Amino acid sequence: MEYNYREVEQKWRAFWEENETFKTEINPSKPKYYVLDMFPYPSGAGLHVGHPLGYIASDIIARYKRLKGFNVLHPMGFDSFGLPAEQYAIQTGQHPAITTEENIATYIRQLKQIGFSYDWSKEVRTSDAKYYKWTQWIFMQLFNHYYDKDANKALKISDLVVHFSESGNKSVNAVCDEDTPNFTSEEWNRMSEYEQQSMLLKYRLTYPDESVVNWCPGLGTVLANDEVKDGVSERGGFPVEQKKMKQWAMRITAYADRLIDGLNEVDWSDSLKDQQRNWIGRSTGASVRFAVDTILDKENTPQFIEVFTTRVDTIYGVSFMVIAPELESVPFLTTPEQKEAVDEYVKWVASRSELDRMSEVKKVSGVFTGSYVINPFNNEKVPIYLADYVLAGYGTGAVMGVPSGDQRDWNFATHFNLPIVPILDAQKDIDTQADNTKEGKYINSGMINGLEYKEATKVLTQFLEEKGIGKGKIQYRLRNAVFSRQRYWGEPVPAYFKDGLPYLIKESELPLTLPVIDKYLPTETGEPPLGRAEGWMYSPLTPRGRISDSQFAGESSPPGGGGGYPYELSTMPGWAGSSWYWYRYMDAHNETEFASQESINYWKAVDLYIGGSEHATGHLLYSRFWNKFLKDLGLVPEEEFAKKLINQGMIQGRSNFVYRVKNSPLTSRGGILDSNIESESSPSGGGGGLFVSAGLRHDYETTPIHVDVNIVNNDVLDIEAFKAWREDFVNAEFILEDGKYVCGVEVEKMSKSKYNVVNPDILVDKVGADTLRLYEMFLGPLEQAKPWNTNGIDGSFRFIKKVWRLFYDDQDTLKVKDEAPTPAELKVLHTAIKKVEEDLERYSFNTVVSTLMICVNDLGTLKCSKKAILRELVILMSPYTPHIAEELWTILGNEAGTISYTNFPTFNPVYLVEANFEYPISINGKVRANLSFPTDALPADIEAVVRENEIVMKWLEGKEIKKVIVVPKRIVNVVM
RNA sequence: AACCCCUUAGCCCAAUCGGCAGAGGCACUUGUCUUAGAAACAAGAUAGUGUAAGUUCGAAUCUUACAGGGGCUACCA
């Protein structure tokens, strides 16, 4: 009888659940290890085989670390707020909480059947009020803090207020809005409540702000920069436009330097760190003010235009100034003569979508405003242009044009016939293109003529600072993050508005739960969905809009009695709940803190974090930001929350195709070899079509049609299943090759519409969870993207059966013996122990599988069924194939459930020691002979023997030996 | 356009410090078993590492250029 995986796996999963085998408690006597998966958004489609890839890897590490004596925290939860559930709610009217609940149930069922060793008692859901109470709480802390540059950390706003009232803001070195004015303590103390609160908003780490945002009409909400891809929304692919709106923002820029510097501390992939560095985009340069020479409107024309440049040394090469067409100062810099042209250009720019703009990057466009600025270094008049290659959102939205040194400026200058002045003697070919070299000495450059780059920059910066018209400056690409979504299914912001200014509710009033609404759409007046909630108002005595634990039970809040202050109508974005969840797992049911200090100080930070690289500039950046903030507050001990991070590669779909012959009614098959056609012979039936096998398709004109990969085996179509698959194929006919219908193949994204989705449920049923786990790891290196191909899974299945056969013979008799192992058996075992351990330590999951296969093959060859060997083998296997390992472990007489916490086998090098080593002897790099020497033979002795060797002599053909290189236990190379 | 990763047998992949290119799996071939097929078991065949150059006693591994595939960003002044 064969191994009955269905029964055995079922049994152990039930055992683990009943006995809470993987429940974890704080245990200071053991070293801790925290293995975390990026928690999923529970979508309606359930899991496909790509999802568990990372989870399997992390589970293997979790199980391995337990065997190595660590106290392992390995939890799972759900990022359960989000757009899809809400979109579904809009369509069906069903509360997102209900669909979310159902989807989570499916996820849990699917996850459990793969045999993960999660401590389910620590599960979290971001949409649970008990969880988002603390998301809201962290938001409140952000509101109550500012970033002090001297202390280089977040400090309390209340301390700032004290400072203001004592000595104004001049001596405060804090991160704040650009337009923050200076004031004295007297001025501060004279300010009204309204003025003071408005001023403080310029410092708070989260604040409502009127800013240009990515507005997505299709989704009815704003989006963060990382949620917009190629000018359309990441979710749904709707167009995105720029719109000015009042939004909550997070002052993440305050942490820009620490976010960059912290990357040096963590063991993440270079590409991921690069992505974050690029996203933050720190560039060092200088700001320079150019005085405006053409004053058109005394009130509104700016006195100067400030630019940021990384190449202040090129300032003598400036031949024009460009400002972004979106800037508010544009009309006041436009002369009457140019007004028409400028208006037209501004209109044209506004009419173009992000997509148009991106696709026309190469085209030069722009218009002259008619006015000028003065170059402060040579007092030359410089014309001001508008051009859309300058972005309003970066720096000051203005750029000094240096055509000899910058290709974009060169293109612009050439197009508008502006002078191109060389500034370095090393610049080449500037008639045909810009040369951005820093080599050589400056020419045409006033005070820096004859100097070199480094010195010139110093001289110029000094001049700027002395004259008060500029200074050295560090500019970031990173923007403060928009933190509002005009959606329903997210965390309510625990703030209300009084006189248009935000105030927090009391901590004791948390959580502010989502109210019941009738429809999940914006209101008639365009307010977010929460605008529909009755009584969504705060009154200090009885906060309204609250629903108790059952958020969606339907009882509405007491009707608002008219009083109170309106709550914020936006909700928090998807990344709010995911920016701190790893702490909640540590103490998931704490009602007085987001997690106890005891648990945080024990578990500290994540030791291994596994998830997709698509979160590089979203979740992983925001999480680092919140973590640093919590560290500043002294609430968490580590600056970086995830020390080691692995991005698992995406599992792509492998689509199969059938080829329908065009224009081939079934009756017209006269010319085709009839014997090749398998037919149910219903010639006039309701169609069905004629399908040609992939190898023969070029003889016909065909239409490829996606076919469900689940009815294809090794690219051979199951014809009966195909006919049953879709009604219109009932009468299909086939042109076969070698008696088979072979399907075509293509690698694409895994998606329902391509019929290439492979469901893990089916595989667990067909071959078992252990085989699935083993096979997913065996596919290749974890980080690498790879197509899913079920074909090879038989090999993993066979492995499981082979292991079983080491224990039971054909007659189903247990053949395990208590005899002492032989040296050969011990060598096989210890080779595997060494390799499994080394490979797991370096996260080489795929090679461990083949190591186990080799070990089992070798033990099979040795006909080894000795208990002492098999016991260790079972432990080695257990992280990968926990079910069969548990079964065999008890068969060997051990107590059920104890294998997870036993000791990993100890490698003993003694068993691997060989008396001799067979040296390959190469002559000029080519192997010509093999000679055996004792392993401890001295290189000099080996060389002496090799020099005398007959085969070597023969190859020398009388020539001199120049050198003999002996690499102990590797190779000998004779050079002649 | 920049940056990062990848390219080894028909396919998926090993080769950890530069030291005999092959461990494992799929597919394939042959055999054992079988009425037959499948399964199982056993045996076997297959590449010289994308291309070109360089460094080295020695290169899949290091360097440079090019080609192909993938990812990420996209006028960042």
Side-chain angles (χ1 to χ4, degrees), chain A residues 2 226 229-230 269-275 277-279 281-283 285 307-311 314 322 357-358 360-362 387-391 393-402 405-409 411 475-478 613-614 616-617 647 649-650 652 714-715 745 747 774-775 778-781 783-787 789-796 798-799 801-802 805 810 835 838-839 841-842 844 846-857 860-861 918-930 962-976:
Chain A
E2 276 197 346
D226 63 278
K229 301 266 141 104
D230 298 328
S269 73
D270 287 338
S271 75
L272 195 76
K273 290 191 200 178
D274 278 352
Q275 276 181 57
R277 285 193 194 102
N278 291 338
W279 189 261
R282 175 161 67 187
S283 49
V307 299
F308 173 74
T309 175
T310 53
R311 289 295 301 274
T314 64
V322 194
R357 215 175 142 157
M358 277 190 286
E360 292 171 15
V361 163
K362 288 271 148 62
D388 70 346
Y389 81 88
V390 174
L391 306 174
Y394 184 74
T396 55
V399 168
M400 61 184 212
V402 184
D406 182 289
Q407 191 56 44
R408 290 156 307 171
D409 296 345
N411 294 344
Q475 183 73 42
Y476 301 91
R477 200 190 84 120
L478 183 73
S613 59
E614 65 273 21
T617 52
N647 292 129
M650 215 217 310
Q652 297 146 308
N714 286 341
D715 294 333
V745 175
V747 172
L774 203 63
Y775 184 60
F778 190 50
L779 279 177
E783 296 93 328
Q784 206 168 294
K786 54 225 159 203
N789 186 350
T790 307
N791 291 354
I793 204 164
D794 291 352
S796 302
R798 270 179 213 141
F799 167 79
K801 290 189 280 195
K802 274 186 200 169
R805 255 177 268 114
D810 300 344
K835 179 96 173 119
E838 282 174 2
D839 286 358
E841 292 290 343
R842 66 190 176 107
S844 175
N846 54 326
T847 51
V848 171
V849 181
S850 50
T851 301
L852 293 172
M853 286 174 170
I854 293 164
C855 181
V856 169
N857 286 349
T861 310
E918 182 97 341
Y919 279 87
I921 312 297
S922 58
I923 295 168
N924 278 348
K926 290 222 159 40
V927 177
R928 302 297 185 187
N930 281 291
K962 275 193 198 145
K963 197 168 19 163
V964 176
I965 291 147
V966 178
V967 185
K969 286 167 83 179
R970 292 252 190 234
I971 201 168
V972 176
N973 193 12
V974 179
V975 188
M976 58 182 206

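Letters A, B, ... mirror the listed sequences (proteins, then strands); counts begin at 1. Everything numeric here is computed off the predicted structure, so don't read it as measured data.
To the nearest angstrom, C1' of rA27(B) lies 10 Å from CZ of Arg798(A). Computed from coordinates, the Ile923(A) CD1 to rC20(B) P distance equals 16 Å when rounded to whole Å.
Applying the salt bridge (Lys or Arg N to Asp or Glu O under 4.0 Å) test to Glu841(A) and every residue at least two apart in sequence or in another chain returns nothing. With sequence neighbours excluded, the residues forming a side chain to side chain donor-acceptor pair (under 3.5 Å) with Arg311(A) are Asp313(A), listed by chain and number. Looking at residues two or more places apart in sequence or on another chain, you find a side chain to side chain donor-acceptor pair (under 3.5 Å) between Arg408(A) and Asp406(A). Scored by the salt bridge (Lys or Arg N to Asp or Glu O under 4.0 Å) test, Lys273(A) finds no partners at all (sequence neighbours excluded). Residues passing the salt bridge (Lys or Arg N to Asp or Glu O under 4.0 Å) test with Arg970(A), sequence neighbours excluded: none. With sequence neighbours left out, Gln407(A) forms a side chain to side chain donor-acceptor pair (under 3.5 Å) with Asn411(A). Scanning for salt bridge (Lys or Arg N to Asp or Glu O under 4.0 Å) contacts around Asp794(A) gives an empty result, with sequence neighbours left out. Judged as a side-chain contact (heavy atoms from CB on, under 4.5 Å), and not counting sequence neighbours, the contacts of Thr396(A) are Glu306(A), Ala398(A). Every residue meeting the side-chain contact (heavy atoms from CB on, under 4.5 Å) condition with Asn924(A), not counting sequence neighbours, appears here in chain and number order: Val975(A), Met976(A).
Taking the P atom of each, rA9(B) and rU46(B) are spaced 15 Å apart, rounded to whole Å. A distance of about 38 Å separates the C1' atoms of rU61(B) and rC76(B), rounded to the whole Å. Straight-line distance between the C1' atoms of rA67(B) and rA52(B): roughly 11 Å, to the nearest whole Å. Taking atom C1' in both rA39(B) and rA23(B), one finds a spacing of 26 Å when rounded to whole Å. Rounded to the nearest Å, the gap between the P atom of rC5(B) and that of rC72(B) is 15 Å. Nucleotides rA60(B) and rC41(B) are separated by 36 Å at their P atoms, to the nearest Å. Comparing the same atom, P, in rA14(B) and in rG25(B) gives a spacing of 15 Å after rounding to whole Å. Taking the C1' atom of each, rC33(B) and rC17(B) are spaced 49 Å apart, rounded to whole Å.
Between Arg477(A) and Tyr394(A), the shortest heavy-atom contact is CA-CE1, 3.7 Å.
Across every strand in view, rC13(B) sits in a pair with rG22(B) that passes the Watson-Crick or G-U test at under 3.5 angstrom. Applying the Watson-Crick and G-U wobble criteria (two distances, each under 3.5 Å), rA40(B) pairs with rU32(B). Pairing for rC75(B) is absent, with no Watson-Crick or G-U wobble pair whose two atom distances lie under 3.5 Å. Across all strands shown, rU51(B) pairs with rA65(B); the Watson-Crick or G-U wobble distances both stay below 3.5 Å.
Judged by distance alone, the side chains of Tyr389(A) and Asp409(A) do bring a donor and an acceptor atom under 3.5 Å apart. Between the side chains of Thr847(A) and Ser844(A), at least one donor N or O sits under 3.5 Å from an acceptor N or O.
Counting non-hydrogen atoms under 4.0 angstrom, Ser283(A) reaches the backbone sugars and phosphates but no base. The residue Glu614(A) sits apart from the nucleic acid: no heavy atom pair falls under 4.0 Å.
For Asn930(A), no side-chain nitrogen or oxygen approaches OP1 or OP2 of rC20(B) to under 4.0 Å. A sub-4.0 Å separation between OP1 or OP2 of rC41(B) and a side-chain N or O of Arg805(A) is present. OP1 and OP2 of rG19(B) both lie 4.0 Å or more from every side-chain N or O belonging to Ser922(A).
Checked against rC13(B), rA77(B), rG19(B), the side chain of Arg970(A) finds its nearest nucleotide in rG19(B). Here the side chain of Ile854(A) is nearest to one of rA23(B), rG19(B), rA40(B), namely rA23(B).
Ranked by how close their nearest RNA chain B nucleotide is to the 5' end, Lys801(A) and Phe308(A) are led by Lys801(A).
The glycosidic torsion of rG18(B) lies more than 90° away from 0, placing the base in the anti range. rC17(B) shows a glycosidic angle within 90° of 0 and is accordingly assigned syn.
Distance alone, capped at 3.5 Å, is enough to place a donor-acceptor pair between the Lys786(A) side chain and the Pro781(A) backbone.
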If you restrict it to nitrogen or oxygen atoms, what contacts under 3.5 Å exist between nucleotides 56-62 of chain B and the protein, and what is each distance?
{"residue": "rC57(B)", "atom": "O2'", "partner": "Asn973(A)", "partner atom": "ND2", "Å": "3.2"}
{"residue": "rC57(B)", "atom": "O2", "partner": "Asn973(A)", "partner atom": "ND2", "Å": "2.5"}

Mind listing the N/O atom pairs, protein and nucleotides 42-46 of chain B, below 3.5 Å?
none

Give every pair of a protein N or O atom and an N or O atom of nucleotides 4-12 of chain B that lie under 3.5 Å apart, one pair per line with the distance.
{"residue": "rC12(B)", "atom": "O2'", "partner": "Leu779(A)", "partner atom": "O", "Å": "2.9"}

